[in-house]
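First the structure, in the form of structure tokens, and then the observations on it.
Numbered from 1 within each chain, the chains take letters A, B, ... in sequence-line order. In this text, all values refer to a predicted model and were calculated from it rather than measured experimentally.
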Protein chains: 2
Amino acid sequence: MINNYELYKVFYWAAKTGSLTQAAKALYLTQPSVSHAIKQLEDSFGLTLFYRNSKGVELTQEGTILYSYIEQSQILITMAEEKMAALKNLDSGELRIGGSDSLFKHYLLPYLEDFHKKHPSIKLHLNHGTTPEVIAFLKEGRIDLGVVRMPIVDSQLEVRESFQLQDCFVAGAQYTELKNMVLTLDMLMEYPVILFSRNSRARMAITEIFQSYGYTLKPEIEVGSVDLLIEFARRGLGISYVTREFVSKELEEGSLFEIQLDVPLPPSQVGIMTMRNMPLTSAARRFIELAQ
Amino acid sequence: MINNYELYKVFYWAAKTGSLTQAAKALYLTQPSVSHAIKQLEDSFGLTLFYRNSKGVELTQEGTILYSYIEQSQILITMAEEKMAALKNLDSGELRIGGSDSLFKHYLLPYLEDFHKKHPSIKLHLNHGTTPEVIAFLKEGRIDLGVVRMPIVDSQLEVRESFQLQDCFVAGAQYTELKNMVLTLDMLMEYPVILFSRNSRARMAITEIFQSYGYTLKPEIEVGSVDLLIEFARRGLGISYVTREFVSKELEEGSLFEIQLDVPLPPSQVGIMTMRNMPLTSAARRFIELAQ
DNA sequence: CAGGAGCTATAGACCACGTCTATGATCAAC
DNA sequence: GTTGATCATAGACGTGGTCTATAGCTCCTG
């Protein structure tokens with residue numbers, strides 16, 4: 001019917017201000033333009049929308065009916081524009097991050113706090129899961145970004161290196177004799193080793209390292225959380241393979257110490273994953289910026 | 001913010017159909033135009049609204065939020081356009097008529113019925129009042145048109161002559177002796193005359209006529225409704241001055257007869273009044289068309 | 001009553017911008 | 001590899017929305 005919705009904006013302001021001249025000012029147009037626009041509307045409806053008098057204009061019965069619809073419509077558009085501006089300014093919106101519980105707890109927390117302080121109106125949604133689960137979340141569009149250990153090889157994903165973590169073996173008071181020694185892998189395997197459950201990325205990594213030296217690493221105990229890994233080591237149940245940064249408190253206070261090995265353990269990189277060629281929300285872009 | 005609301009229409013269709021190509025078809029545009037429009041929106045918000053893939057497009061988080069507003073807005077506009085079309089086609093709307101009760105009851109009824117049959121969806125509002133009241137209603141915008149006796153002299157009003165009425169004196173069985181006589185005003189004044197209340201237009205008219213012949217007409221009885229005027233005459237309380245068309249039933253059945261005078265009583269014209277230079281609703285225009 | 005200050009309507013010119021065609025790039029399916 | 005979708009880009013075109021200038025009207029004021 002009407003092939004130019006701009007006319008409704010003009011109509012809205014004309015009706016609202018009761019004056020074509022005022023409407024023109026509000027819209028940064030000239031009065032004849034507004035006059036012309038209203039005429040177009042009236043012609044295409046075949047109805048008169050305004051009474052014109054020397055003081056301005058007034059809605060006719062039919063104009064009043066039109067206004068009741070258009071007013072709502074214009075208000076919605078205004079709200080939409082305000083909302084978009086808020087999203088842009090990070091005054092609104094949400095950020096959905098996927099990652100492992102331990103990464104959230106031990107490492108991402110300061111970044112999350114920082115982000116939340118800077119942009120308190122953005123709702124944070126944290127979804128924990130294993131690396132494959134996080135990748136699946138990403139592909140399903142359920143999270144905006146995932147934080148996992150590298151390497152990730154998936155052509156659909158774009159991975160930014162964020163920070164390095166160093167895994168290491170730690171033990172508690174029971175094994176004080178090892179404190180100032182440099183162990184060979186041979187020696188290490190004499191002790192009971194505690195590892196994270198089979199499907200974890202860190203577990204696979206260390207198993208491969210041992211294999212590359214010709215050893216098969218078999219854990220005495222397998223646990224399902226980083227907290228248990230730490231707790232078991234503290235109680236002297238064995239030597240745990242953990243991320244050094246996750247036990248920094250225990251290392252400082254001396255309840256755990258790091259076993260020195262004669263071979264280097266390669267550091268593991270944590271990466272922030274996003275979908276390749278998919279636009280990011282403002283919030284996601286901002287978070288990545290802060291986390292790098 | 002956005003200085004072209006057309007873009008929202010394009011966005012709406014793109015989001016609704018999930019395809020720029022489909023949106024282009026729906027809007028009778030080419031695909032590049034739609035692509036361009038969406039880009040404009042995205043640029044001016046500084047946000048990405050759609051994920052593009054080889055199957056079409058999909059809303060981003062931010063696009064989804066925008067859509068929730070714009071969808072409502074567009075629906076309202078569509079409803080508005082449908083409503084305007086209905087008003088134009090007289091499939092909707094209202095018609096507010098002012099006039100005297102007796103005109104409504106005795107003369108306008110067939111026109112009202114006719115109009116209502118032809119346009120059953122138009123609500124009729126009938127407001128009765130004296131001629132000055134009806135004029136006031138018109139000027140206050142409370143009615144679309146008024147139906148009153150001419151002449152009306154008011155530069156703000158436009159009056160269309162509609163139909164003629166003939167006032168006359170009638171009497172009942174008590175005065176059968178006058179049935180086949182032609183009376184002079186002199187003779188008439190020997191009888192008790194029943195008139196409508198002082199402020200009525202018909203009353204003023206007949207008083208003036210008598211005065212122009214040198215007589216002062218003083219009624220025996222004054223009543224406030226046409227029905228009473230008729231009833232009193234039937235009961236033989238006097239000779240009533242009524243509009244002939246309003247007593248056509250009584251004249252036919254013989255319960256009243258018309259007094260013949262030796263001077264002509266000028267006919268009175270009924271006019272349909274509207275505000276001069278004020279646009280009429282479609283319904284009002286249509287009614288006037290039918291009533292002429 | 002003349003003159004001024006509002007208001008809206010009309011006429012005509014101009015140029016930005018929205019639309020088009022043509023083509024490229026990418027992806028999925030066969 | 002080829003075909004047939006999709007959206008993006010480039011550049012040309014022309015229309016329609018905006019402008020200036022002016023007229024017409026009503027109301028108010030000295």
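A straight line from CG of Leu59(B) to P of dC7(D) spans 13 Å, rounded to a whole angstrom. Rounding to whole angstrom units, CD1 of residue Ile38(B) and C1' of dG18(C) are separated by 14 Å. Straight-line distance from the CG atom of Leu41(B) to the C1' atom of dA8(D): 16 Å, rounded to whole Å. Lys55(A) has its NZ atom 12 Å from the P atom of dC7(C), to the nearest Å. Whole-Å rounding puts the Leu20(A) CG to dT18(D) P distance at 14 Å. To the nearest angstrom, P of dC27(D) lies 17 Å from CZ of Arg52(A). The separation between Asp43(B) atom CG and dC17(C) atom P is 15 Å, rounded to whole Å. Between the C1' atom of dG18(C) and the CD atom of Gln40(B) lies a distance of 8 Å, rounded to the nearest Å.
Residues of residues 26-35 of chain A that place a heavy atom closer than 4.0 Å to DNA chain D, in numerical order, are Tyr28(A), Leu29(A), Thr30(A), Pro32(A), Ser33(A).
Partners of Glu71(A) according to the salt bridge (charged side-chain N to carboxylate O under 4.0 Å, His left out) rule, which considers only residues two or more places apart in sequence or in another chain, do not exist here. For the side-chain contact (heavy atoms from CB on, under 4.5 Å) test, residues two or more places apart in sequence or in another chain that qualify with Met79(A) are Ile75(A), Tyr69(B). Applying the side-chain contact (heavy atoms from CB on, under 4.5 Å) rule to Val34(B) yields the partners Val10(B), Leu20(B), Ala23(B), Ala24(B), Leu29(B), Ile38(B); only residues at least two apart in sequence or on another chain are considered. By the side-chain contact (heavy atoms from CB on, under 4.5 Å) test, Thr60(B) is found to be paired with Pro279(A), Thr48(B), Tyr51(B), Glu62(B), residues two or more places apart in sequence or in another chain being considered.
For dG17(D), one of the phosphate oxygens OP1 or OP2 lies less than 4.0 angstrom from a side-chain nitrogen or oxygen of Asn4(A).
His128(A) is not listed as a side-chain neighbour of Glu133(A), based on a closest heavy-atom distance of 4.5 Å or more.
Both Ser54(A) and Val57(B) lie close to DNA chain D; mapped to their nearest nucleotides by heavy-atom distance, the more 5′-ward contact belongs to Val57(B).
For residues 270-292 of chain A, the pairs satisfying ring pair (Phe, Tyr, Trp, His ring centres under 6.0 Å) are Phe115(A)-Phe287(A), with sequence neighbours left out.
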